[in-house]
Amino acid sequence: SLHDALPIYQGFYQTGDDVKRTIFKLGEAYLVAPIGARIATNLFIAEATMQALTLTNLSAQTNILPLNTKKEIIVPIQ
(Lines give C-alpha, C1' and ligand atoms only; values in the text may rest on other atoms or scores of the structure.)
Protein backbone atom coordinates (compact mmCIF):
# COMPACT_ATOMS: atom_id res chain seq x y z
CA SER A 1 0.00 0.00 0.00
CA LEU A 2 1.05 3.62 -0.31
CA HIS A 3 1.19 3.80 3.49
CA ASP A 4 4.22 1.49 3.38
CA ALA A 5 6.01 2.84 0.32
CA LEU A 6 6.37 6.23 -1.30
CA PRO A 7 5.79 6.30 -5.06
CA ILE A 8 8.63 7.83 -7.07
CA TYR A 9 7.69 9.11 -10.52
CA GLN A 10 10.17 7.99 -13.20
CA GLY A 11 8.53 9.42 -16.33
CA PHE A 12 6.14 8.27 -19.04
CA TYR A 13 6.09 6.99 -22.59
CA GLN A 14 3.56 7.12 -25.40
CA THR A 15 3.51 5.29 -28.71
CA GLY A 16 1.53 6.67 -31.63
CA ASP A 17 -2.02 7.60 -30.64
CA ASP A 18 -1.96 5.34 -27.57
CA VAL A 19 -2.49 6.76 -24.04
CA LYS A 20 0.47 7.91 -21.98
CA ARG A 21 1.86 5.15 -19.77
CA THR A 22 3.47 6.31 -16.56
CA ILE A 23 6.47 4.66 -14.94
CA PHE A 24 6.87 4.85 -11.19
CA LYS A 25 8.67 3.00 -8.44
CA LEU A 26 6.67 1.76 -5.46
CA GLY A 27 8.81 0.10 -2.83
CA GLU A 28 11.24 -2.10 -4.76
CA ALA A 29 8.94 -2.54 -7.77
CA TYR A 30 8.85 -0.52 -10.97
CA LEU A 31 5.28 -0.20 -12.22
CA VAL A 32 3.78 0.98 -15.51
CA ALA A 33 0.21 2.27 -15.59
CA PRO A 34 -1.83 4.33 -18.08
CA ILE A 35 -3.42 7.70 -17.37
CA GLY A 36 -6.66 7.04 -15.48
CA ALA A 37 -5.40 3.90 -13.76
CA ARG A 38 -6.03 3.27 -10.08
CA ILE A 39 -2.76 2.87 -8.17
CA ALA A 40 -4.26 2.66 -4.68
CA THR A 41 -7.71 2.29 -3.17
CA ASN A 42 -8.50 5.98 -3.63
CA LEU A 43 -5.74 7.25 -5.96
CA PHE A 44 -5.84 7.53 -9.73
CA ILE A 45 -3.31 8.83 -12.26
CA ALA A 46 -4.67 12.13 -13.60
CA GLU A 47 -1.78 13.39 -15.78
CA ALA A 48 1.87 12.91 -16.56
CA THR A 49 4.35 15.46 -17.88
CA MET A 50 8.13 15.53 -18.25
CA GLN A 51 8.32 17.21 -14.82
CA ALA A 52 5.63 15.59 -12.66
CA LEU A 53 2.93 12.99 -12.14
CA THR A 54 -0.48 14.21 -10.96
CA LEU A 55 -2.59 11.88 -8.85
CA THR A 56 -6.20 12.52 -7.87
CA ASN A 57 -8.73 10.89 -5.59
CA LEU A 58 -12.51 10.50 -5.67
CA SER A 59 -12.85 13.82 -3.81
CA ALA A 60 -10.90 15.57 -6.62
CA GLN A 61 -7.94 16.33 -4.32
CA THR A 62 -4.67 16.22 -6.23
CA ASN A 63 -1.12 15.25 -5.35
CA ILE A 64 1.82 16.31 -7.51
CA LEU A 65 4.82 13.98 -7.58
CA PRO A 66 7.88 15.73 -9.05
CA LEU A 67 10.12 13.58 -11.26
CA ASN A 68 12.52 11.33 -9.28
CA THR A 69 11.46 12.76 -5.90
CA LYS A 70 10.16 10.88 -2.87
CA LYS A 71 7.01 12.55 -1.62
CA GLU A 72 4.67 11.35 1.08
CA ILE A 73 1.07 11.07 -0.05
CA ILE A 74 -1.83 11.36 2.36
CA VAL A 75 -4.49 8.76 1.61
CA PRO A 76 -7.79 9.77 3.27
CA ILE A 77 -9.52 7.02 5.25
CA GLN A 78 -12.97 6.26 3.85
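Heavy atoms only: backbone and side chains are in, while hydrogens, waters and symmetry mates are out. Predicted, not measured: the structure shown is a model, and the values here were computed from it.
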(request) Would you kindly confirm whether L26 and I64 end up in one hydrophobic cluster when ILVMFWY residues are joined by side chain heavy atoms under 4.5 Å apart? (result) no
(message) Could you see if L31 belongs to whatever hydrophobic cluster contains L65? Use Ile, Leu, Val, Met, Phe, Trp, Tyr and a side-chain cutoff under 4.5 Å.
(response) yes
(message) With a 3.5 Å distance limit and no angle check, can you tell me whether T22 reaches the backbone of A33 through a side-chain donor-acceptor pair?
(response) yes
(message) Looking at T49 and Q51, would you say the former's side chain and the latter's main chain have a donor-acceptor pair under 3.5 Å?
(response) yes
(message) Any side-chain to backbone donor/acceptor pair from T62 onto L55? Under 3.5 Å, distance only.
(response) no
(message) Is there a path of hydrophobic side-chain contacts, each under 4.5 Å between heavy atoms of I/L/V/M/F/W/Y residues, joining I39 to L53?
(response) yes
(request) With rounding to the nearest 0.5 Å, note down the distance linking OH in Y9 to CG in L67. (result) 6.5 Å
(request) Could you tell me which residues satisfy side-chain hydrogen bond (donor to acceptor under 3.5 Å, both in side chains) with E47, sequence neighbours excluded, listed by chain and number? (result) K20
(request) Would you list the pairs meeting salt bridge (charged side-chain N to carboxylate O under 4.0 Å, His left out) in which at least one residue belongs to residues 32-44, sequence neighbours left out? (result) none
(request) Mind jotting down which residue pairs meet the salt bridge (charged side-chain N to carboxylate O under 4.0 Å, His left out) criterion with at least one end in residues 60-69? Sequence neighbours excluded, please. (result) none
(message) Using 0.5 Å steps for rounding, measure from the OG1 atom of T56 to the CD1 atom of I45.
(response) 11.5 Å
(message) Count I, L, V, M, F, W, Y as connected when their side-chain heavy atoms are under 4.5 Å apart, and connections chain through other members. Are I35 and F12 then in the same cluster?
(response) yes
(message) Would a single hydrophobic cluster contain both M50 and F24, if residues Ile, Leu, Val, Met, Phe, Trp and Tyr are joined by side-chain heavy-atom contacts under 4.5 Å?
(response) yes
